[in-house]
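Here is the structure we will look at.
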Amino acid sequence: MYGYGMGFNLFDPTFILVLIGLALSMAASAYVNHTFRKFDEVRSRNNVTGTQAAQFILQSQGINDVGVQGISGDLTDNYNSGTKILSLSQSTARSTSVAAIGVAAHECGHAVQDAKNYFPLRLRAAIVPVANLGSTMAFPIILIGVVLQGQFLINLGLIAFSLALLFQLVTLPVEFDASRRALKILSDGGLLTPEEVPMARKVLIAAALTYVAAAISTFLQLLRLFLLFGGNNRRD
């Protein structure tokens, strides 16, 4: 039997797509961790912490309604546009390294996007609930469609999973733009020296690659689902 049943066989030929995506994600994660650790050992000449850098950047950009807080974890830094809170992980908040300042500046880049009503950021925020629901419901819907042999339900599940890919694609310009803003602010504001800015750039490029890998991985998963359940692959 070659057809719907292959969707549940971990050794079917299309499973290589999942393995490729997993390998890319692991490689990107390892690279960003290696790059961050490397430049986390380089103390910034101005000797400011990630928290101090974030506070300075926000003030310099005229953003007074965003709070800065520390959170647990490693490289869990994030900006929440809903609560106006910029959260810095322990590896960033207290460190005076070039890497920490670069990461803090990147999150400030999101705050600047928010303040300037950057459309892709607004679009991503709007997509989040639908994308989360779609990725959660996709596989149950596809499974029910397979059991009932209903192509409509299967197609509905594929569309639901496509929303996860849409979210990943919208995330890419948001993250790249935040890094671009961060590097400009770091350079213009003098938080990092001309020699240190390229180091921060390497850290942010490495971080951006994780989003690229996530998008590719999601695309490969979606491609596999289409190959298995796309309507014309059902054979008895």
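Numbers here simply count residues along the sequence, with the first being 1.
- One hydrophobic cluster holds both Leu228 and Leu223 under the rule that ILVMFWY side chains link at heavy-atom gaps under 4.5 Å.
- Leu222 is not listed as a side-chain neighbour of Thr218, based on a closest heavy-atom distance of 4.5 Å or more.
- Partners of Tyr79 by ring-ring contact (aromatic ring centres under 6.0 Å, His included), not counting sequence neighbours: none found.
- Taking the side chain as every heavy atom from C-beta outward, Arg181 and Gln61 never approach each other to under 4.5 Å.
- Among all heavy-atom pairs drawn from Val48 and Ala53, the shortest one is CG2-CB, 4.4 Å.
- In this structure, the side chains of Arg224 and Gln221 stay at 4.5 Å or more apart for every pair of heavy atoms.
- There is a side-chain donor-acceptor pair under 3.5 Å between Ser89 and Asp77.
- Between Phe176 and Val212, the closest side-chain pair of non-hydrogen atoms falls below 4.5 Å.
- Remark: Phe167 engages Arg124, Ile127, Val128, Ala131, Thr171 in a side chain to side chain contact (heavy atoms under 4.5 Å, CB included) (not counting sequence neighbours).
- Without hydrogens or angle criteria, Ser29 side chain to Met26 main chain gives no donor-acceptor distance under 3.5 Å.
- Judged by distance alone, the side chain of Gln151 and the main-chain N or O of Phe229 form a donor-acceptor pair under 3.5 Å.
- Under the 4.5 Å side-chain criterion, counting only non-hydrogen atoms from C-beta, Asn80 is not in contact with Ser87.
- Of the possible donor and acceptor atoms, one in the side chain of Asn46 sits under 3.5 Å from a partner among the backbone N and O of Gly190.
- When the side chain to side chain contact (heavy atoms under 4.5 Å, CB included) test is applied to Ser72, the partners found at least two apart in sequence or on another chain are Gln90.
- Looking at Ser217, its side chain never comes within 3.5 Å of a backbone N or O of Ala213 through a donor-acceptor pair.
- In this structure, the side chains of Val203 and Met199 stay at 4.5 Å or more apart for every pair of heavy atoms.
- In this structure, Thr193 OG1 and Arg45 CZ are separated by 5.0 Å, a value rounded to the nearest 0.5 Å.
- Glu175 places no side-chain N or O within donor-acceptor distance of the main-chain N or O of Tyr211, the cut-off being under 3.5 Å.
- Note: the hydrophobic cluster containing Leu165 does not contain Val174 (ILVMFWY, side chain heavy atoms under 4.5 Å, direct or indirect links).
- Looking at Met137 and Leu156, their side chains never come closer than 4.5 Å, going by heavy atoms from C-beta outward.
- Not one N or O on the side chain of Ser187 forms a donor-acceptor pair closer than 3.5 Å with the backbone of Lys184.
- Residues Ile185 and Val112 are in side-chain contact: their nearest non-hydrogen atoms beyond the backbone lie under 4.5 Å apart.
- Gln55 contributes no side-chain N or O that, together with a main-chain N or O of Val68, makes up a donor-acceptor pair within less than 3.5 Å.
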